[in-house]
Amino acid sequence: MKPLHQLGARRIAVGVRAREFSARDVTLAFLARVRQFDGTLRAFVDLDDERTLAAADQVDQRLAEGRQLGPLAGVPVALKDNFCQRGLPTTCGSRMLAAWHAPYDADVVERLVAADAVPFGKTNMDEFGMGSSTEWSAFGPTTNPWDATRVPGGSSGGSAAAVAAGLVPLALGSDTGGSVRQPAAFCGVFGIAPSYGRVSRRGLVAFASSLDRVGAFARQADDLAALLRVLSGGDARDATSVHDAPPDWRDDVPAGVREVRIGVLSIADVGTVGSSTGSSSTGSSSTSGSSTGVVPAAATVTEKRDCVETAVADALAASRAALTQAGATLRDAVLPGAADALAAYHLIAAAEAASNLARYDGVRYGTRVAGVNAETSARNTRGEGFGPEVQRRIVLGTMALSAGRRDALHGRAEATRQRLRTAFAELFENVDVLLSPTTPTTAFALGTRTSDPLRMYAADVLTTPASLAGLPAISIPAGHDEAGLPIGIQAVAAVGREDLLFRVAGALERAFGTPAIPTPFIEAVAS
Amino acid sequence: MSARVGDTADAADGVHDVISLARLALSDDVRERVVSACRRLAAAWQDLPETRRGADPSVVSNADCAPSHPAGLTDVLRDDVPAPGLSSDAALAGAPAVDGNAFVVARVADIPVPGRNSTRP
């Protein structure tokens, strides 16, 4: 048998139920991995051996009592540090909450425990989910397990890196504009943002409420399907929760893609680094006559966009070929309005963040910095408690909602969002799945984008359209570039059609292989 | 079309006002960095298509684009049934300062107190 840390989550659960090994054995194996490798990776911000082993022992105890264990029996699952777990720190990567302990469990934590999983520590993240590299954590950056000089992506970078390095078989993240899919691509694992409302957000600290989704990571598509099923389902405590019973997506992974209609977004016109035409893209993409362009060449509402790297383009072509070979019907696709998604996303997310984060005033929880009166104390608290990226977004969001600017900024962003939703709906009349790279580039070097917000935001150019529309989207590992850095391919489907995403994920996993644990990193640390 | 945000000194001053509205006490150098970044971001993103109030009547107006749930949920209410909630002790446990069953805050009003200097901080 392989070492325990190399087993998939479903295999671990089978082994625990069959008493091949105990939940404690599994937990000890992964704790040892963390102790060995996380000094370099810095994926975890809180992990208590005693507490984690106690949770594993409870699973073993239930088995010993003859109870039937759940689908994640004895499987360690890491939590991004914006999920509440009763009595544990929930920092959101912020000095503001550095000493705060959650008074209740998130809905997803309750579901994990009910499925006999073992909650396995809290992972690093960009502060309050605002970032694309995990460099905006108040507790220092996480590194990429494929190259420690690179970022793991963000904001759920700790969870992605931990799963990729084999420090934990499964992890949760949150995805507002791509915060699960983008780090999944950078770290070479599967990462899914399910349909908005599919998974309850009770106990997920809010960033942008019309966009926030609970997401998940795994190194195998069927493990991800099993995890998502456990997490999904209605919750009366979350008004956005959809109460449909979740299907068993594990059956979709091996089902194949025969007769699935897949549209492939052209990547020719995503743009070039440093380009700034200043042209508007008002509806032009829908009438340009292009049969392949998702982003019209003249449309740049951001100053800077990333070129799609050659290796990423090659991976998309290889994915297209693999899916064709597997029986899917492939065609080029156009998504009018996609060029405006990044700007619309950031304006809407910033506006909602400014509102949600107004609660941090040093009165009811979190950090307090003294002042001569309550108002001064609140201002000092927010000035010292929030990091620079969060402060920037709060100001931008406040600006977007302020009198005289609301129409020009937030109003147009919401109108763009509505047009994009319509464009997706029309697109899904002709295709079942939309395929694109998850990111234009592979993981960038640490420290190269923190001083340039627009450059940092460019990493999300391909993930934000599905975010604005609340559509399920998955990042699928699809090989590596010449430097050995992973590449992710994104599949998007209509609301409620995660089944199609898992069919595509399964087909591409069979084509590219299940992602390996990165040996160069492991060997370097071990030596 | 609306004035270009960040194009004028007035707009720049407006960003300073926004920082105040956002209740952020920032040092001068941090404040300037935030102002510079926000002006740049707003300028980069102001070219989103107009709403119906703007020049192009073919696009959607603000009134047409109220946020809605992607799955079509509306007027979501749960049954009005009493259920255990967070206890006072649990709610107060994370507060920076408490007094009995209450949060302690710095003074919010300058109320004269007999025998005390009403102007003390």
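Chain identifiers are assigned alphabetically (A, B, ...) following the order of the sequence lines, protein sequences preceding nucleic acid strands; residue numbering begins at 1 within each chain.
Using a 4.5 Å cut-off between heavy atoms, B:A93 does not touch chain A at all. Using a 4.5 Å cut-off between heavy atoms, B:S27 makes no contact with chain A at all. Interface remark: A:S195 contributes no atoms to any contact with chain B (heavy atom separation under 4.5 Å). Interface residue B:L26: only side-chain heavy atoms are found under 4.5 Å from chain A. Both the backbone and the side chain of B:V105 have a heavy atom closer than 4.5 Å to some heavy atom of chain A. Within the 4.5 angstrom heavy-atom criterion, atoms from both the backbone and the side chain of A:A413 approach chain B. If you measure heavy-atom distances from A:R237 to chain B, the contacts under 4.5 Å come from both the backbone and the side chain. A:V495 touches chain B through its side chain: at least one heavy atom from C-beta onward sits under 4.5 Å away, while N, CA, C and O do not. The contact between B:A91 and chain A is made entirely by backbone atoms, counting heavy-atom distances below 4.5 Å. Only the side chain of B:R78 comes within contact range of chain A, judged by heavy atoms closer than 4.5 Å. Within the 4.5 angstrom heavy-atom criterion, no atom of A:A354 approaches chain B. Of the two parts of A:T381, neither the backbone nor the side chain holds a non-hydrogen atom closer than 4.5 Å to a non-hydrogen atom of chain B. With a threshold of 4.5 angstrom between heavy atoms, A:D244 does not approach chain B through any atom at all.
Side-chain contact between B:R31 and A:V395: absent, with no pair of heavy atoms (C-beta onward) separated by less than 4.5 Å. Under the 4.5 Å side-chain criterion, counting only non-hydrogen atoms from C-beta, B:L41 is not in contact with A:H346.
Annotation for B:A42 and A:L409: closest pair O-CD2, 4.4 Å, computed over non-hydrogen atoms. Of all heavy-atom pairs between A:M399 and B:C38, the closest is CE-CB, 3.8 Å. The two atoms that bring B:R107 and A:N373 nearest to each other are O-CB, 3.1 Å, heavy atoms only.
The backbone N or O of B:A22 sits less than 3.5 Å from a side-chain atom of A:R382, completing a donor-acceptor pair. A donor-acceptor contact shorter than 3.5 Å is absent between the side chain of A:R368 and the backbone of B:P96.
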**Message:** Go through it in stages, so that I can follow the logic: the residues are A:V242 and B:L73, the test is side-chain contact (heavy atoms from CB on, under 4.5 Å), and I'd like the CA-CA distance, side-chain angles, deciding distance and then a yes or no.
**Reply:** CA-CA 8 Å; A:V242 174; B:L73 301 188; 4.2 Å; yes
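With values rounded to the nearest 0.5 angstrom, A:S241 atom OG is found 7.5 Å from B:H69 atom NE2. The CZ atom of B:R33 lies 9.5 Å from the CZ atom of A:R392; values are rounded to the nearest 0.5 Å. Residue B:I19 holds its CD1 atom at 11.0 Å from CZ of A:R379, rounded to the nearest 0.5 Å.
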